[in-house]
Amino acid sequence: MPIIYQQISALRTALQPYRGQRNDNQNSQQRIALVPTMGNLHDGHLELVSIAKQHADIVVVSIFVNPTQFGVGEDFDSYPRTLDEDVAKLATVGADYVFAPIIDEMYPVLPPPTAVLAGEITTQLCGRSRPGHFDGVGIVVSKLFNIVQPDVAVFGQKDYQQLAIIKQLVRDLSYSIEIIGAPIVRAADGLALSSRNQYLSVTERQIAPALHQELQYLAKQLLNIEHSQQEFAALLAETLARITDAGFTIDYLEVKTDQLDSVPNNAAIFNAENQDLVILVAAWLGRARLLDNQLVTFK
Ligand code: PAF
């Protein structure tokens with residue numbers, strides 16, 4: 001079973017010997033991996049741990065429902081908290097430590113008067129409908145990086161924008177941490193795994209895989225139309241209509257360069273120079289806000 005810590009100081013003490021070995025003897029390097037989560041773990045999270053184990057000797061999983069990344073009226077209070085079940089699942093994939101702090105341990109002052117992120121990357125896509133969300137993600141991930149001081153950290157590619165922001169954070173704050181993006185884990189019918197899928201009713205759960213199917217369809221069509229910018233716009237409009245007709249309320253459907261540095265849905269990006277595009281969607285189905293994305297590679 002993984003050992004659970006709630007206090008920063010206790011976790012630091014537990015991890016110190018591995019750092020000692022790392023420092024004293026370069027040949028017996030003990031690499032530490034961090035897998036940050038908000039708990040209520042599913043197979044997607046367990047896959048992150050398995051990937052972390054391939055890159056490190058010791059795997060720390062944090063479980064913390066981070067209040068600063070939830071907006072007013074969002075599901076912070078109702079977000080499922082299932083620590084015992086989570087720890088049992090983590091034992092099956094060989095996680096070594098669980099860091100499950102209470103709010104006061106992470107935030108002596110709430111809201112924290114410190115921000116670490118800036119720039120357009122945090123206000124576009126999910127940041128537009130969830131203002132402040134990525135500020136909360138930025139601060140908690142920075143704190144976790146400072147507490148655990150991992151060599152490597154693993155995040156899911158389902159949260160494509162979050163992953164891009166964390167890579168930016170690591171680059172701009174000079175963290176010496178390798179960031180690994182793990183492929184999306186899907187149910188057999190294609191729905192991307194997410195803790196929020198449990199908000200779906202039985203009927204909504206049957207509709208939900210349509211989101212992935214529509215992204216796949218759009219990606220295939222984009223590859224077929226050989227950079228015709230007119231057809232690009234028409235295809236986007238068609239996909240938007242199909243997703244809406246399936247029963248979703250779309251927050252956004254955007255095609256961008258894979259670095260997220262382009263104007264959304266601007267047909268000008270659809271040219272032979274941009275080999276790597278990404279289609280990103282966020283859509284509501286009942287109470288669940290579903291995210292998905294699909295890379296389109298023109299090589
Ligand atoms: O992706 C998540 O579960 C959260 O945003 C993270 C990275 C654990 C920060 O709270």
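In each ligand, atom 1 is the first atom listed, and ligand 1 is the first ligand listed.
- Nearest protein heavy-atom neighbour of atom 1 (O) of ligand 1: Gln162 NE2, 2.8 Å.
- Ligand-side atoms of ligand 1 in range of Gln69: 4 (C), 5 (O), 9 (C), 10 (O), range being under 4.0 angstrom from any heavy atom.
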Under 3.5 Å donor-acceptor pairs involving side-chain atoms of residues 169-180, not counting sequence neighbours:
unit_1	atom_1	unit_2	atom_2	d
Tyr175	OH	Ser142	O	3.4
Glu178	OE1	Arg31	NH2	3.1

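- Taking every non-hydrogen atom of Pro36 and a distance limit under 4.0 Å, the qualifying atoms of ligand 1 come out as 8 (C).
- Using modelled atom types and a 3.5 Å distance limit, the side chains of Gln198 and Asn40 yield a donor-acceptor pair.
- With respect to Asp292 and Lys158, no salt bridge is recorded, no charged nitrogen being found less than 4.0 Å from a carboxylate O.
- Counting only heavy atoms of the protein, atom 3 (O) of ligand 1 lies nearest to Met38 CG, 3.7 Å.
- A distance-only check finds a donor-acceptor pair linking the side chain of Asn274 to the backbone of Ile269 [under 3.5 Å].
- Pairs engaging residues 95-108 under the salt bridge (Lys or Arg N to Asp or Glu O under 4.0 Å) rule: none recorded [sequence neighbours left out].
- Residue contact check: Val140 has heavy atoms under 4.0 Å from atoms 9 (C), 10 (O) of ligand 1.
- Listed by number with element, the atoms of ligand 1 under 4.0 angstrom from any heavy atom of Thr37 are 8 (C).
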